[in-house]
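These notes concern the structure reproduced below.
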Amino acid sequence: MKITVLNGSPKGMTSVTMQYVHHIQKEFPQHKLKIINISPRIKKIEGDARAFQEILDEVRASDGVLWACPVYYFLVPSNYKRFIELVSERGVKEVFQDKYTAVLTTSIHFFDHTAHNYLHAICDDLDMRYVGSFSADMTDLLKATERERLRLFAGDFFEAIGNHAPTSKSYRPLTGRDFDYIPGDARSKVDVGGKKAVIVTDAQVYQANLIGMIERFKASFSGEIETINLRDLDIKGSCLGCLQCGYDNQCVYQGKDDYIDFYNTKLKTANILIFAGMIQDRYLSSRWKMFFDRSFFNGHAPSLIGKQLGFIITGPLSQIPNLRQILEAHAEMQHSNLAGIVTDEYGDTAEIDSLLQDLAEHLVRFADSGYIRPSTFLGVGAGKLFRDEIWGRLRFPFRADYLAYKELGVFDFPQKQYKMRIQNAIMSLLSKSPAFRKEVNKRMKDEMIKSFQKVLVR
Ligand SMILES: Cc1cc2nc3c(=O)[nH]c(=O)nc-3n(C[C@H](O)[C@H](O)[C@H](O)COP(=O)(O)O)c2cc1C
């Protein structure tokens with residue numbers, strides 16, 4: 001059997017993920033796994049029709065396709081996403097159609113599920129025969145039990161191909177909507193006061209709805225709001241995955257392009273940030289993805305703490321809950337406040353106008369009051385994951401994160417809560433007594449709310 005492995009790691013063959021692919025190859029020498037590096041070669045693949053065609057020829061001649069990549073910022077690396085965009089832009093979907101396919105990622109399990117959901121949906125959009133996905137922790141390959149798990153996964157993939165196993169789709173195709181948004185006049189003007197608001201977009205001239213929404217949003221303010229187009233910035237390339245920023249947040253691109261200055265001087269100094277873009281496949285554009293990937297120079301520490309965040313999006317966001325979750329999680333991970341998301345997918349012009357006006361008003365009001373809504377599981381769960389990773393195995397090479405986390409008081413391990421530990425020890429001992437347990441059961445509900453009384457008394 002011949003399998004094409006589409007390698008999404010910017011590190012090419014020096015990728016952690018590719019070691020997992022090598023292991024599959026070792027376990028199944030009867031099959032041929034041909035690895036094609038996508039991410040480090042994306043400029044060539046995009047600019048040289050022959051290079052792109054060679055990949056298509058490989059896919060066409062193979063029995064199955066393995067999408068193999070690291071998880072980058074809730075998704076796949078931006079260059080890998082660009083490749084996915086090229087497949088649809090160039091109308092070569094039929095090459096992938098009906099191919100058996102599977103997904104393999106490595107990560108530290110931070111939002112690996114959204115990356116998997118994305119790739120699964122892409123496979124469904126390409127009418128591929130999706131067999132399954134495997135999310136390995138970066139170091140799982142060192143464990144015999146995990147190697148066995150990987151072997152079983154790969155074996156199942158090969159068997160599905162060999163048996164022409166039936167596969168089903170999990171994601172319905174996205175349905176677009178023909179709608180020309182013509183912005184109306186602003187009903188009133190919001191004064192940002194001493195606050196600084198910045199709009200970041202990747203809008204292109206033909207994206208009339210997006211440009212119209214940005215203009216209408218800007219018209220809600222009494223003053224001028226700065227707009228920065230990611231396409232006007234000189235960004236030399238995407239994150240290389242080299243981790244050299246881990247020590248002191250110094251990126252290898254420092255001084256070589258606009259990105260770091262832009263992030264530090266425009267975004268970190270703003271109080272209100274609006275990100276505006278158009279949905280491309282099941283995410284924003286790969287340019288937007290590059291923006292997020294390059295922000296990795298900040299490490300795992302939040303770099304937009306306390307900011308008000310808004311999204312203006314054109315495209316069917318309500319059909320992609322995975323993307324909404326990513327946007328919400330991004331805000332929570334940054335300790336910023338997601339004030340709202342406005343899309344052009346429902347409603348008429350008047351409704352969009354009033355939603356944009358309302359977003360502007362909310363952003364300013366929240367910025368004035370300092371409101372940050374509480375984190376949900378997205379932020380709380382992920383925060384604990386990073387806390388443990390940065391304190392533990394990732395302390396090296398992420399020294400800058402370790403220092404930032406110490407400063408922010410992130411290392412709030414429950415082991416340090418001595419009063420609680422003593423209480424737990426005493427109560428565990430006492431609860432061995434049936435009489436004590438009976439009393440506890442009787443008083444449980446009252447005791448749970450007792451401590452709130454001191455807050456509630458007038
Ligand atoms: C820019 C960047 C973003 C990352 N984002 C995530 C992430 O969202 N979730 C996660 O669990 N790991 C994340 N990682 C860690 C990588 O997924 C992990 O190190 C992976 O094993 C690298 O695989 P590779 O060597 O094949 O590129 C990120 C790493 C980098 C450099």
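Please read these numbers as outputs of a predicted model, since none were measured by experiment. Each ligand, and each atom within it, is numbered from 1 in the order the structure gives. Note: hydrogens, waters and symmetry copies are ignored here, and every other heavy atom, side chains too, is used.
Within the structure, salt bridge (Lys or Arg N to Asp or Glu O under 4.0 Å) pairs that include any residue of residues 31-43 comprise Lys34-Glu58 (at least two apart or interchain).
Geometric assessment of Arg399 against the ring of Tyr402 yields a negative cation-pi assignment under the 6.0 Å and 45° thresholds.
Contact shell of ligand 1 (protein heavy atoms, cutoff 4.0 Å): Ser9, Lys11, Ser15, Val16, Thr17, Pro70, Val71, Tyr72, Tyr73, Phe74, Thr106, Ser107, Ile108, His109, Phe110, Met138, Cys239, Gly241, Asp293, Phe296.
Tested against Tyr130, the residues Val103, Leu119, Thr167 include a single side-chain contact (heavy atoms from CB on, under 4.5 Å) partner, Val103.
Residues satisfying the salt bridge (Lys or Arg N to Asp or Glu O under 4.0 Å) criterion with Glu159, sequence neighbours excluded, are absent altogether. Annotation: ring-ring contact (aromatic ring centres under 6.0 Å, His included) contacts of Tyr371 (sequence neighbours excluded): Phe366.
Using cut-offs of 30° and 60° for the angle between ring planes, the Phe297 and Tyr259 rings count as perpendicular.
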